[in-house]
Amino acid sequence: MTPELSVVVPVFNEEAVLPELYRQLVPVLDEAAARWELVLVNDGSRDGSLAIMQSLRDEDERVTLINLSRNFGHQLAITAGMEHALGDAVVVMDADLQDPPEVILEMVARWREGFDVVYGVRSEREAETLFKRFTAAAFYRVLNALTPVQIPLDTGDFRLMSRRALDALSRMPERARFVRGMVAWLGFRQTGITFKRRARFAGRTKYPVSKMVGFAADSLISFSTVPLRIASTLGFVMSVGALGYFGYAASMKIMYGHTAPGWASLIAVIVLLGSAQLLCLGIIGEYVGRIYEEVKARPLFVVERLEQGAHE
Ligand code: UDP
Ligand code: MG
């Protein structure tokens with residue numbers, strides 16, 4: 001028998017929160033569904049997380065353990081979990097209890113009303129730095145301005161998906177996985193639930209600024225070709241400017257018979273053109289590199305060991 005509800009949790013060095021997560025999840029899941037499974041995805045943790053997950057698995061039949069062969073990153077870890085989840089509805093949540101488990105009850109209720117995607121909207125972000133809040137807000141606004149898909153503001157990866165939405169998602173084979181954008185692209189009946197995002201229960205964030213920048217660039221490039229258009233627009237504007245300047249220089253010569261002493265303007269034009277070309281090449285390179293990654297068509301992740309839960 002398959003479970004009615006699956007909860008997927010990506011885990012990377014979360015030994016400090018795992019027991020508490022399990023303790024808080026079980027009563028919620030018991031209330032939410034008759035048959036449920038907890039899919040724990042170990043994303044190459046280097047601490048005691050795997051041992052804790054293994055003992056949860058050994059004690060509770062409803063726990064599925066997926067051990068990835070190394071650290072593949074948050075987005076691929078949740079992809080692995082969603083791919084192996086068996087439920088009619090699948091919830092994805094972080095291990096750190098920033099997403100309150102009780103919200104799952106509300107999500108399940110909306111799903112039973114007929115929604116295919118129920119995403120969590122963060123109304124407040126307790127104890128997150130001003131910097132993180134500001135950059136996150138700016139990121140979503142820029143992304144929505146540049147992409148045709150409207151990604152709901154202030155959402156993360158805490159969401160419930162119906163079986164058919166999940167099946168549709170798993171038919172998107174791309175490597176650059178910006179899951180929340182892909183889900184927005186899917187369509188179906190979607191709705192949001194606002195909740196207060198809490199502080200991490202324990203442990204530290206796995207998203208330092210460098211990773212956040214990489215994630216933002218990846219999401220933008222995988223969801224939009226607007227940067228490429230910036231390159232061609234820039235080329236167009238510059239050639240109009242160049243033509244104008246050429247006209248000016250020619251008319252000065254014709255009307256007054258002299259040309260401006262040119263060293264400074266020449267250097268300025270050369271440097272400007274050179275840097276604009278490099279910028280455009282760089283933008284194109286970002287896309288070419290990603291095409292290369294996609295074309296290789298490697299598997300998204302490698303499972304070292306899978307212990308599927310049992311459901312009577
Ligand atoms: N995570 C993961 N692989 C990674 C980084 C993070 O599976 O390479 C997991 C992590 O264990 C947590 C979730 O992804 O369950 C979100 O990470 P985190 O809480 O550090 O991100 P933040 O909430 O600070 O954005
Ligand atoms: Mg977190």
Side-chain angles (χ1 to χ4, degrees), residues 6-25 38-53 56 63-85 90-101 103-104 119-140 151 153-159 175-181 195-216 218-219 300-304:
S6 304
V7 176
V8 170
V9 181
V11 176
F12 178 52
N13 296 345
E14 303 283 9
E15 61 182 1
V17 298
L18 278 174
E20 181 63 19
L21 174 76
Y22 179 78
R23 201 186 65 76
Q24 292 195 19
L25 263 181
L38 175 60
V39 181
L40 298 173
V41 185
N42 180 36
D43 188 20
S45 297
R46 289 181 268 274
D47 64 357
S49 297
L50 181 59
I52 297 172
M53 291 156 85
L56 291 176
V63 174
T64 289
L65 172 58
I66 303 172
N67 190 33
L68 300 181
S69 61
R70 63 172 170 84
N71 178 257
F72 282 90
H74 181 212
Q75 300 291 301
L76 293 179
I78 62 180
T79 303
M82 290 190 291
E83 221 160 85
H84 288 94
V90 175
V91 171
V92 174
M93 73 184 294
D94 288 356
D96 56 11
L97 290 167
Q98 278 189 285
D99 311 325
V103 178
I104 293 175
Y119 49 84
V121 181
R122 302 153 181 180
S123 64
E124 274 172 54
R125 303 177 130 196
E126 273 174 47
E128 274 187 284
T129 61
L130 204 61
F131 176 75
K132 181 145 188 173
R133 272 184 269 175
F134 176 77
T135 50
F139 170 67
Y140 286 109
I151 299 165
L153 296 178
D154 299 319
T155 63
D157 284 309
F158 184 29
R159 82 172 72 75
R175 159 152 302 278
R177 290 191 96 72
F178 177 49
V179 177
R180 63 198 76 155
F195 71 96
K196 271 194 201 175
R197 193 159 207 237
R198 297 200 207 126
R200 238 176 186 285
F201 176 74
R204 275 187 301 128
T205 174
K206 313 300 181 298
Y207 272 101
V209 175
S210 58
K211 262 203 211 174
M212 271 166 55
V213 171
F215 183 63
D218 268 342
S219 339
L300 297 176
F301 51 82
V302 178
V303 174
E304 189 253 345

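Counting starts at 1 for both ligands and their atoms, in listed order.
- Of the heavy atoms in Met93, none comes closer than 4.0 Å to ligand 1.
- At least one heavy atom of Arg197 lies less than 4.0 angstrom from ligand 1.
- Results of the side-chain contact (heavy atoms from CB on, under 4.5 Å) test with Ile52 over Leu40, Leu18, Asn42 single out Leu18 as the only residue that passes.
- When each of Val9, Val17, Val63 is checked for a side-chain contact (heavy atoms from CB on, under 4.5 Å) with Tyr22, only Val63 meets the rule.
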Walk me through whether Val41 and His84 qualify under side chain to side chain contact (heavy atoms under 4.5 Å, CB included). CA-CA 10 Å; Val41 185; His84 288 94; over 6 Å; no

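- Residue Ala95 has at least one nitrogen or oxygen atom sitting less than 3.5 Å from a nitrogen or oxygen atom of ligand 1, judged on distance alone.
- Geometrically, Arg197 does not engage Phe195 in a cation-pi contact defined by less than 6.0 Å to the ring centre and at most 45° from the axis.
- Within the 4.0 Å heavy-atom criterion, the part of Asn71 lying near ligand 1 is the side chain and not the backbone.
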Where do Phe12 and Arg46 land on the side chain to side chain contact (heavy atoms under 4.5 Å, CB included) test, with the steps shown first? CA-CA 8 Å; Phe12 178 52; Arg46 289 181 268 274; 3.4 Å; yes

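- Interatomic distance, CD1 of Ile66 versus CE of Met53, reported as 9.0 Å (0.5 Å rounding).
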Derivation of the side chain to side chain contact (heavy atoms under 4.5 Å, CB included) call for Glu14 and Leu21: CA-CA 10 Å; Glu14 303 283 9; Leu21 174 76; over 6 Å; no

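- Using a 4.0 Å cut-off between heavy atoms, Glu14 contacts ligand 1 through its side chain alone, with no backbone atom that close.
- In summary, the atoms of ligand 1 found under 4.0 Å from a heavy atom of Val11, numbered by their order in the structure, are 7 (O), 11 (O).
- Contacts between Asp43 and ligand 1 below 4.0 angstrom, taking non-hydrogen atoms only, involve the side chain exclusively.
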Walk me through it: do Leu50 and Ser45 pass the test side chain to side chain contact (heavy atoms under 4.5 Å, CB included)? CA-CA 7 Å; Leu50 181 59; Ser45 297; 5.7 Å; no

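- Between the side chains of Thr79 and Arg177, a donor-acceptor pair is found at a separation under 3.5 Å.
- Within the protein, the N, O or S atoms lying under 2.8 Å from the Mg ion (ligand 2) are Asp96 OD2, Gln98 OE1.
- Proximity to Pro10 (heavy-atom distance under 4.0 Å) selects the following atoms of ligand 1: 7 (O), 9 (C), 10 (C), 11 (O), 12 (C), 14 (O), 15 (O).
- Side chains of Ile104 and Phe158 form a contact here, defined as non-hydrogen atoms less than 4.5 Å apart.
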